[in-house]
Enquirer: 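Before anything else, here's the structure in question.
First listed ligand is number 1; within each ligand, the first listed atom is number 1.
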Amino acid sequence: MKFGTKTIHAGVEPDPTTGAIMTPIFQTSTYVQASPGKHKGYEYARTQNPTRDVLQAALASLENARYGFCFSTGMGAIDTLLKVLKPGDEVIATNDLYGGTYRIFTKVYEKFGIKFHFINMENPEIIQDLVNENTRMIWVETPTNPLLNIIDIKKVGKIAKKYNITLVVDNTFATPYNQTPLDLGATVVVHSVTKYLSGHSDVVMGAIVLNDENLANQIRFLQNSCGATPGPQDCFLALRGLKTLHIRMKAHAKNAKKVAKFLKKHPKVERVYYPGFASHPNHEVAAKQMATYGGMISFTLKDDSVATAIRVMENLQIFALAESLGGVESLVGHPATMTHASIPKEEREKAGLKDSLIRLSVGIEDVTDLIADLEQALAAV
Ligand SMILES: *Cc1c(COP(=O)(O)O)cnc(C)c1O
């Protein structure tokens, strides 16, 4: 099946008892057994839920994976995956990471004896300098957040394979519409389903998808043992959102390209971070690796003051000032005080993240309205 057919049909079967075309919300905590241990495959709703099963199968299918697991949040998924590690293990991660991921690495897992290295992976070769016999994971986000750098998954995958290291790709920004990391050599894909996959800013959820059977068994065990599972209502909403993923992603990308071009020409704008520009340092990798350049853009102003950047954000009317991304509505955010506030200033600066950087999640509204909104917000500073 092609991608646009899978978003609508993968994993979904009419309900066998009624023929309902949409997956029912199985709002139950437990399942009746005919005799102890004799049941229909469902024992207790932390362990299995039919609504969740369908969503897990759909997400696995979209990523060309054999196994899918859903979690109550993206951080719940990341936390569960990190629990396959043990004290002494080391992780090499991109230095331009989602703030919450940086926080769980450094504030939660470091104290359990796991070591994290943060490096710029635009040149993947340098990863090898940090590999030793304790290296268990390489952790990649691409496009990175919020600087929209692109990392060559295939190249990192070759290094991971050579040293027998698990390669994790957080595919939240790109979504499987733009890239399927498992096909490029990743071992595991993690998602904040909260963002594009659900797409309507009404669900918080996470997912892990993978092909490796042994690791999948560990994740299934941890999902049930640690319990960060999503509720059936949220699984239903995520399934509903998924059905339009391909249409939404196309519209996000089309609008983002126009907004990026507008910003690039604007006299008050210093720099636009957008992988679709030929001038972007990793444009060629993006062109090869991704179906489109996505819906995220960051930019800085010539007047490099945080106060001015904040005034622009306050002036915007259609772009709502809010955390998160990937919904149908356009959002603007200030990474330094919002999504990335948990990363120390010196670490942010090392990664090239200026305090005056503005991040846009370009929605699927009429793009002329989005551009007019940016125009008036910039004119007023
Ligand atoms: C939002 C986000 C997360 C965390 O997901 P939640 O659903 O908010 O817990 C992880 N990675 C990336 C890239 C994100 O944008």
Side-chain angles (χ1 to χ4, degrees), residues 52 55 59 63 68-83 91 93-109 116 118 121 137 139-151 153 168-179 181 186 188-209 223 226-231 234-235 237-238 241-242 249 252 273 275 290 294-298 322-327 331-335 338-343 351 353 357 359-363:
R52 190 175 95 204
L55 177 61
L59 291 174
E63 289 281 3
F69 300 93
C70 287
F71 298 87
S72 52
T73 65
M75 291 319 301
I78 289 169
D79 179 49
T80 304
L81 179 56
L82 290 170
K83 284 175 180 147
V91 178
T94 25
N95 62 351
D96 183 26
L97 271 183
Y98 175 68
T101 305
Y102 180 84
R103 180 173 56 201
I104 198 172
F105 285 178
T106 57
K107 296 272 162 62
V108 180
Y109 278 92
F116 296 90
F118 299 96
M121 292 188 186
M137 268 182 193
W139 196 286
V140 168
E141 272 179 34
T142 178
T144 66
N145 178 5
L147 294 174
L148 286 316
N149 288 324
I150 303 293
I151 294 162
I153 300 171
V168 181
V169 175
D170 182 333
N171 207 24
T172 302
F173 266 42
T175 82
Y177 175 82
N178 281 313
Q179 68 196 15
V188 184
V189 166
V190 296
H191 273 288
S192 171
V193 178
T194 314
K195 317 292 169 53
Y196 288 111
L197 294 182
S198 286
H200 296 73
S201 308
D202 52 9
V203 172
V204 183
M205 196 187 287
I208 297 175
V209 298
Q223 184 193 37
C226 304
T229 49
D234 284 352
C235 292
L237 283 172
L242 268 192
M249 291 315 293
H252 282 295
Y273 298 76
M290 301 174 74
M296 300 299 297
I297 300 171
S298 294
E323 304 252 1
S324 199
L325 62 111
L331 298 182
V332 59
H334 183 223
M338 296 166 76
T339 46
H340 290 65
S342 49
I343 300 177
L353 199 180
L357 188 92
R359 190 188 79 177
L360 300 178
S361 170
V362 180

Enquirer: I want to check a possible cation-pi pair here: K195 against Y98, using under 6.0 Å from ring centre and within 45° of the ring axis as the test.
Expert: yes

Enquirer: Quick one: list whatever passes side chain to side chain donor-acceptor pair (under 3.5 Å) with T175, sequence neighbours left out.
Expert: none

Enquirer: Does any part of the side chain of D170, heavy atoms only, come nearer than 4.5 Å to the side chain of H191, both counted from C-beta?
Expert: no

Enquirer: Looking only at heavy atoms, what is the nearest atom pair of L59 and A207, with distance?
Expert: CD1-CB, 3.7 Å

Enquirer: Does either side chain, that of Y109 or that of D79, offer a donor lying less than 3.5 Å from an acceptor on the other one?
Expert: yes

Enquirer: Is any side-chain heavy atom of H334 closer than 4.5 Å to one of H340?
Expert: no

Enquirer: Pairs under 3.5 Å, N/O atoms on ligand 1 and on the protein: can you put them in a table with the distances?
Expert:
from, atom 1, to, atom 2, distance (Å)
ligand 1, 5 (O), S192, OG, 3.0
ligand 1, 7 (O), G74, N, 2.9
ligand 1, 7 (O), S192, OG, 2.8
ligand 1, 7 (O), T194, OG1, 2.6
ligand 1, 9 (O), G74, N, 3.0
ligand 1, 9 (O), M75, N, 2.9
ligand 1, 11 (N), D170, OD2, 2.7
ligand 1, 15 (O), K195, NZ, 2.7

